[in-house]
Amino acid sequence: EEKEEETCSFTVPNYACQRRTQLHHHNPSLSDALTLLAENAELNEDDGRAVAFRRAAAVLKALPAEVTSVSQLKGLPCLGEHSLRVIKDVLKDGSCSEVETTKHSQRFNALKVLTGIFGVGVKTADRWIRDGIFNLQQLRESQTTLNRAQQAGLDHYEDLNQPVTRADADSITEIVQEAVSSLFPGAQVTLTGGFRRGKMTGHDVDFLLTHPEEGREEGLMDKVVSWLDSQGLLLYQKTSRNSYLESRDGPGRPSSNMDRFERCFAIFKLSRGQTSPPAGHQWRAVRVDLVVTPISQFAFALLGWTGSKLFERELRRWAGHEKAMSLSSHALFDKTQVINTLFREINMWNCSNHTRSPVSEAIPE
Ligand code: 8DG
Ligand code: MN
Ligand code: MN
């Protein structure tokens, strides 16, 4: 009797942005294992490996049923040798030794706690670990100098590491809405980030602010921030100006996925009534991101700030590789058009100087 050959039971498109992925899915133990390894790679600044694990986790989240054998995964995209090994272990033993070792390692836990402080990145955390600082108590006892953000992060550590609820997000939306419409009638507030994706909790609350008339959004951030501050709603804020037009790489050529909108990283102080503070407290601290965009770039900003980070990354990769387009939180460009425009400009310049013969266009229109 011939055994029926097991083939791949699932099909999944290559790019995460081409898949429908639900909040609750069928393979949490597999995706959690891969996500932990992704997190560890990020904490060790191994971005290549981190993205590989994130992509693998995303494939598992998109599957329509529970995986019971690795053979079901044959032919699926983004599952490298390493990820498959992890999956195999979890399917066989319920856990993977690499994941367990990482989860309990002193370095991983120290990096997690220290980078969990608002304002502390992996470089700083790594330096502190080399100085023998592994936890908050050791940091507090050391004479380490903290910048303003890190000091606020340490002061409000417990609150900021409590998940923000949908109710908190709604109540902050109301506050920001009130500020914006009393100061700038007609200006719009849009809740974005994880809450726009339908998540029930988040690590912060993200907003886009704009005005339906181009240019009328100017001055909005300063006014809103001053108003919030005057109401005693801010524990911390750092505002940075829009640097899109003056940036070194210029419009449409963002050097990274950090955008160049005017933004404010803030810590709000929410009192009872606006949130449920921890037992025995009168208020709690919540991280809020405010971003101002001109209406002409609003659609791209909304897409870019809705997340998730992997979805955004995949959408940009898909645009670039499959559509020859360049997507950022500011704009969408057809790269062939941009190249042809450049060639045309070079030719105009060359011909008018009579020094060189025209170059041909790289891509026919
Ligand atoms: P969470 O807060 O619920 O934990 O998750 P999230 O809402 O998805 O993450 P986030 O860290 O608040 O970021 C929201 C989205 O904003 C994310 O998909 C990436 C996008 N984003 C930009 N530009 C920038 C930027 O300069 N910094 C950060 N942190 N995010 C940015 O488009
Ligand atoms: Mn968020
Ligand atoms: Mn955010």
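Bear in mind the structure is a predicted one, so any value in this text is a computation, not a measurement. Order of appearance sets the numbers: ligands from 1, and atoms from 1 within every ligand. All residue numbers in this chain count up from 1 along the given sequence.
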Can you sort out which atoms of ligand 1 are near [X], meaning under 4.0 Å from one of its heavy atoms?
X	value
Lys199	1 (P), 3 (O), 4 (O), 5 (O)
Gly193	7 (O)
Gly307	18 (O)
Ser329	32 (O)
Asp206	7 (O), 12 (O)
Asp259	22 (C), 23 (N), 24 (C), 26 (O), 32 (O)
Arg263	25 (C), 26 (O), 27 (N)

Who's closest to atom 11 (O) of ligand 1 heavy-atom-wise, of Arg287, Lys309, Arg197, Glu312? Lys309
Proximal candidate to atom 21 (N) of ligand 1 [heavy atom criterion; set Trp305, Phe300, Phe311]: Trp305
Would you say [X] has any N or O atom under 3.5 Å from an N or O of ligand 1, going by distance alone?
X	answer
Gly202	no
Thr306	no
Asp289	no
Gly194	yes

Those residues that, when tested against Asp222, pass salt bridge (charged side-chain N to carboxylate O under 4.0 Å, His left out) (two or more places apart): none
Under-4.0 Å salt bridge between Lys323 and Asp334: no
Pairing of Asp126 and Arg130 as salt bridge, 4.0 angstrom limit: yes
Counting only heavy atoms, which portion of Asp204 has something under 4.0 Å from ligand 1: side chain, backbone, both, or neither? both
Which segment of Ser308 sits under 4.0 Å of ligand 1 when only heavy atoms are counted: backbone
At a cut-off of 2.8 Å, protein N/O/S around the Mn ion (ligand 3) gives Asp204 OD2, Asp206 OD1, Asp289 OD2
When you check the side-chain N and O atoms of [X] and [Y], is any donor under 3.5 Å from an acceptor?
X	Y	value
Gln151	Asn147	no
Thr35	Asp32	no
Asp206	Thr192	no
Gln162	Glu158	no
Gln72	Thr68	yes

Any Ile87 side-chain heavy atom under 4.5 Å of Leu79 side chain: yes
Counting C-beta onward and ignoring hydrogens, is there a side-chain heavy-atom pair between Cys264 and Lys238 closer than 4.5 Å? no
Ring centroid separation Tyr15 to His321 under 6.0 Å: no
How are the rings of Phe118 and Tyr236 set relative to one another: parallel (under 30°), tilted (30 to 60°) or perpendicular (over 60°)? perpendicular
So does Glu218 have more than 12 non-hydrogen atoms from other groups sitting under 6.0 Å from CD? no
